[in-house]
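All remarks here apply to the structure that follows.
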Amino acid sequence: MSGLVAFSRCPMSERYNPSEIEPKWQQRWLADELYKTEAADARPKYYVLDFYPYPSGDGLSVGHARNYVPTDVVARFYRMRGYNVMHPMGFDAFGLPTENAAIKLKANPHVLNEKYSANYIRQFKLLGLSYDWSRVFNSSHDSFYRWTQWIFIQIFNSWYDPRLGQARPISELETELAAHGTGRILDAIDAKPEQIGAIARSVPRIEADAWQAKTPRERNRFLMQFRLAFRGESTVNWDPVDKVVVANEEVDAQGRAWRSGALVEKKTLKQWNFRITAYADRLARDLDTVNWPQKIVTMQRNWIGKSQGAEVDFKIDGDASEKIRVYTTRPDTLWGATFMVLSPEHPLVARITTPEKRAEVEAYVAHARAMTDVDRTDVSKAKTGVFTGATATNPVNGERIPIWVADYVLMSYGTGAIMAVPAHDQRDFDFARKFGLTIRMVIQPPGVESTDASVLTAAYSDHGDGLGRMVNSGPLTGMDAGKSIAAAIDVIEEMKAGQRRVNYRIRDWLISRQRYWGTPIPIIHTEDGEVTVPESDLPVRLPDVESYEPTQTGESPLVQVHDWVNTPTGQRETDTMATWACSSWYYMRFADAHNGARVFDPKEVNYWLPVDMYVGGAEHAVLHLLYSRMWTKVLYDLGVVGFIEPFKSLRNQGMILAPEQKEVDGRMVYEKMSKSKGNVITPDEVVAEHGADALRGYEMFISDFSQTVPWNTNGVPGVRRWLDRVWRIVLSPMDDRGGPATMTTRELRRAAHQAIQKIEHDFDAFAFNTAVSSMMEFTNTLFKARDAGLTETPEWAEAIDILVRLLAPIAPHLAEELWERMGLPYSIHKQTWPKADAAAAAEDSIEIPVQVNGKLRDRITVAVGTDEETIKTLAAQSEGARRFVGDKPIRQVIYAKGRLVNIVI
RNA sequence: GCCCAAGUGGCGGAACUGGCAGACGCGCACGACUCAAAAUCGUGUUCCCUUACGGGAGUGUGGGUUCGAUUCCCACCUUGGGCACCA
């Protein structure tokens, strides 16, 4: 009975119930196509994109939402600010995770993929994400991959002209070869050494008649050395767990494969590659034009690894027909080269080794071959090597120097041979010490009197800072080390002993995979060699197969589908493309997602691209993000697109770890969320309990966007409480009154307009956590304003209007519901962002801390615009200051404008 | 080994360009409401001394520059990431 009395006396307002309002609005938005991208108009465009996910059977965790919620907030924020926004989503559906799941579950990957991506879409909708679903696609559907194949064909039919520094149709190369042979192209590379990767290094100098004499098969083979997509034999990384080759970019420093974690093995196989080395220079250079995290830019620069130096030829004593060519970044130290080292794989090793050394050298080479790459390149291991018995002549001083073989020289970098300068290279120094070889100083370090290498306890390298003076170096002697490199190249070129060269660490990008679940490579092996499938026959569809298991021979399961493999003109290529191919252009397809007649309408792609804001994990630093840049540049060169970089701005979100610490190797650590560890928190469970808006709010509030952070299960309820307060202060401000408070309408208005300024600034800076906290502060201010009795004022109405608009990007469902209940027309998400009134936001008075000798002793409040002298006087008179100054003389009074006063005694 | 980032209360974190350290939230404590609980509202919450007023210390460690340092400089420690015989 008492309960009844209480009820009638104090009617409860309807409570905030996200599970009721969220599905309601989600359905309405979807039915109205509220977030459908509009056609180009007078507004500026904004393309905000997430790294498109591969749909896994585990679905999304709250960690994944860390990516998708902020981009959604940005998309909504830009819409309200009057931009024409494209915010799409699709699926990177091909690839090993789905295929491995299919093998394990004995299911069809097509079926799994549809099921998994449907679940992702359900979860995305659950989070209230404002994707334009009319543009969704799946990279494993032939409506998409036929265009991946089309681009492959364009790249296959292109070569890189070092004279223009860009890709051209291969037909134009054929014309040139018929008229001039390879001479002009090779000359161009000599003249522009940074173009070293434009064509294969194996291309010989041939005349036009030699080209004309070639059979079609020979010509095709020859052209493979130029094509930007080419099949070639090379040493590749074989992943024994996934039974597939992987790209260099997919192997970490420990030699482990990116996905499976298996130690890769080296195999020499014929594989499909993209000639990304042709673009090395542009890929490095154009990094200056993007707004990306410095870390990612640095990683790409390091991966490309451009270095400048010279190639120098050394004559082999007693063998006039062969020379050893070395690459060095320090040609100025050539006078200090006291021996040479060949890589064990170097083709000249067998030829130059003297009979008495043959057995020893062969044993060493065999031993080196047997070692794993990881063991071989272990920097902590002592240097090993053997003398070949042969000597070479140092071209600049005519000295005879011994030629050694050692595994610290890699065949895969430079020329596979080095001139060893032990005095100025630590590796050579270690080697010379161990084997008693001559060490000669050619750079005299600053502060060292002697010019004899016996004073050196380690190699001296000036690291390009130019400290030191050249000694024992013929014409270079006496020169500053800083100027010596260019001078040395001049000397070497004049002597015709070598020339300026550029080298890159990056290697060609291996794209073929011996797997079923990928885009078929549109190539047929004919009598005349590899030819592309005619564009009119695209797509080359993936046939159905009985078994998805990789074969024991390391071939794709597709080899067993004879009907598919055999065509009237030849056999189909059975390798498929790695998913990097799909992701290298998907962001362009969104501009014209369902075009069946062409890859996309250039008008659409050039309007929407480049992506204005691209958000995803940092683990793709040199994978997807490098590959995409290359494809963009190829398509630019071929006139397909009109931009040179695909992603204007890039941001990496931090990871979310499991909430509970676990003991691992004796330490307490937060682990990654993973199904196998059983510590995954799903958005589904959080939304069911607290609603999507609270989850979204917490995803933003949890930490700085880029920081890795453990999930806190108390975090979402905290945000939920805030949303509850918003609900009550907007709809029933007179409930739950607090204590008495004072606030003027001017102060309320100031708080509202300061909130606009702050939140706008924070969104632009990706500082979502402080944006949320500013909204919480503004909400707290409204409660205080309510207690001060301002709810009937126009300023109150304005403040509430501003609050709901500010809230719309973060809590779209709650904002929509409040907007409707306020009697305003649908939809809040079609409203404009509130405009801050600078005058309203301005402070009337400021509080200035007063320090004595740097310690806070008091505060004074002065009107804005009070002059410096008055402030200093007021500060000196303040009670706190007087207590500490006493009658001691004031030495100095410092006033930092509007900041603080410091009295020094 | 080299390069980069970070280190702030019990916890996540905030602090524009060298100027009030700890915003906001969580947690905790106390109080109001209630028969009671939940919810809500209010107050407090870096540590130490003090009933209080107030004072002292304090942003990984040690030093430096400065009237003033979480912020700049030097050395070191720890954690995370990247690279690793690239000639």
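Computed over heavy atoms, backbone and side chain alike; hydrogens, waters and symmetry mates excluded.
Here, C11(B) and C28(B) have their C1' atoms 11 Å apart, quoted to the whole Å. C77(B) and C67(B) have their C1' atoms separated by 32 Å, with the value rounded to a whole Å. C4(B) and G13(B) have their C1' atoms separated by 23 Å, given to the nearest Å. Between C3(B) and C74(B), the two P atoms lie 13 Å apart (nearest whole Å). The same atom, C1', is picked in G7(B) and in U61(B); the two are 11 Å apart, to the nearest Å. A21(B) and C47(B) are spaced 14 Å apart, taking the C1' atom of each and rounding to whole Å. Spacing between U71(B) and G18(B) at atom P, rounded to whole Å, works out to 11 Å. When the C1' atom is compared between G12(B) and U17(B), the two are found 27 Å apart, to the nearest whole Å.
Comment: Asp407(A) does not engage Arg369(A) in a salt bridge, judged by the lack of any side-chain N to carboxylate O separation of less than 4.0 angstrom. A salt bridge between Glu311(A) and Arg325(A) is present, with a side-chain N of the basic residue lying under 4.0 Å from a carboxylate O of the acidic one.
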Can you build the contact string for nucleotides 23-31 of chain B? Use B for base contact, S for sugar-phosphate-only contact, and - for no protein heavy atom under 4.0 Å.
BBSSS----

Counting primed atoms, P, OP1 and OP2 as sugar-phosphate and everything else as base, the B/S/- map of nucleotides 64-71 of chain B against protein heavy atoms under 4.0 Å is ---BS---

Between protein and nucleotides 52-60 of chain B, map the contacts as a letter string: B base, S sugar-phosphate only, - none, heavy atoms under 4.0 Å, written 5' to 3'.
--SSSS---

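For Thr329(A), whose side chain is taken as the heavy atoms from C-beta onward, the closest listed nucleotide among C85(B), A87(B), G19(B) is A87(B).
Taken from CZ in Arg66(A) to CD in Gln653(A), the straight-line distance is 7.5 Å, to the nearest 0.5 Å. The CH2 atom of Trp303(A) lies 15.5 Å from the OG1 atom of Thr298(A); values are rounded to the nearest 0.5 Å. Between atom OG of residue Ser706(A) and atom NZ of residue Lys295(A) there is a gap of 9.0 Å, rounded to the nearest 0.5 Å. Separation of atoms CZ (Arg330(A)) and OG (Ser307(A)) is listed at 12.5 Å; rounding is to 0.5 Å.
When both distances must be under 3.5 Å, the Watson-Crick or G-U wobble mate of C28(B) is G44(B). Base pairing of A14(B): no nucleotide in any strand meets the Watson-Crick or G-U wobble criterion (both distances under 3.5 Å). Applying the Watson-Crick and G-U wobble criteria (two distances, each under 3.5 Å), A5(B) pairs with U79(B).
Applying the 4.0 Å criterion to OP1 and OP2 of C4(B), one finds that Thr298(A) has every side-chain N and O outside that range.
As a whole-Å value, the separation of Lys306(A) NZ from C86(B) C1' is 16 Å. In this structure, Glu619(A) places its CD atom 12 Å from P of G81(B), rounding to the nearest Å. One atom, CH2 of Trp303(A), and another, C1' of C4(B), lie 18 Å apart when rounded to the nearest Å.
By the side-chain hydrogen bond (donor to acceptor under 3.5 Å, both in side chains) test, Thr770(A) is found to be paired with Asp762(A), residues two or more places apart in sequence or in another chain being considered. With sequence neighbours excluded, no residue satisfies salt bridge (charged side-chain N to carboxylate O under 4.0 Å, His left out) with Lys323(A).
Within a 6.0 Å sphere centred on NZ of Lys383(A), other residues, nucleotides and ligands contribute more than 12 heavy atoms.
A syn orientation is assigned to G9(B), its glycosidic angle lying within 90° of 0.
Pairs engaging residues 714-724 of chain A under the side-chain hydrogen bond (donor to acceptor under 3.5 Å, both in side chains) rule: Trp722(A)-Thr779(A) [sequence neighbours left out].
Using a 4.0 Å heavy-atom cutoff across all strands shown, Asn503(A) reaches no nucleic acid atom at all. The residue Ile418(A) sits close to a base: some heavy atom pair falls under 4.0 Å.
A heavy-atom distance below 4.5 Å is not found between the side chains of Asn503(A) and Ile196(A).
Both tests hold for Arg725(A) against Phe783(A): distance to the six-membered ring centre under 6.0 Å, angle to the ring axis within 45°.
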When you look at Phe339(A) and Phe435(A), which way does the ring pair (Phe, Tyr, Trp, His ring centres under 6.0 Å) test go after all the steps?
CA-CA 11 Å; Phe339(A) 59 99; Phe435(A) 295 104; 8.9 Å; no

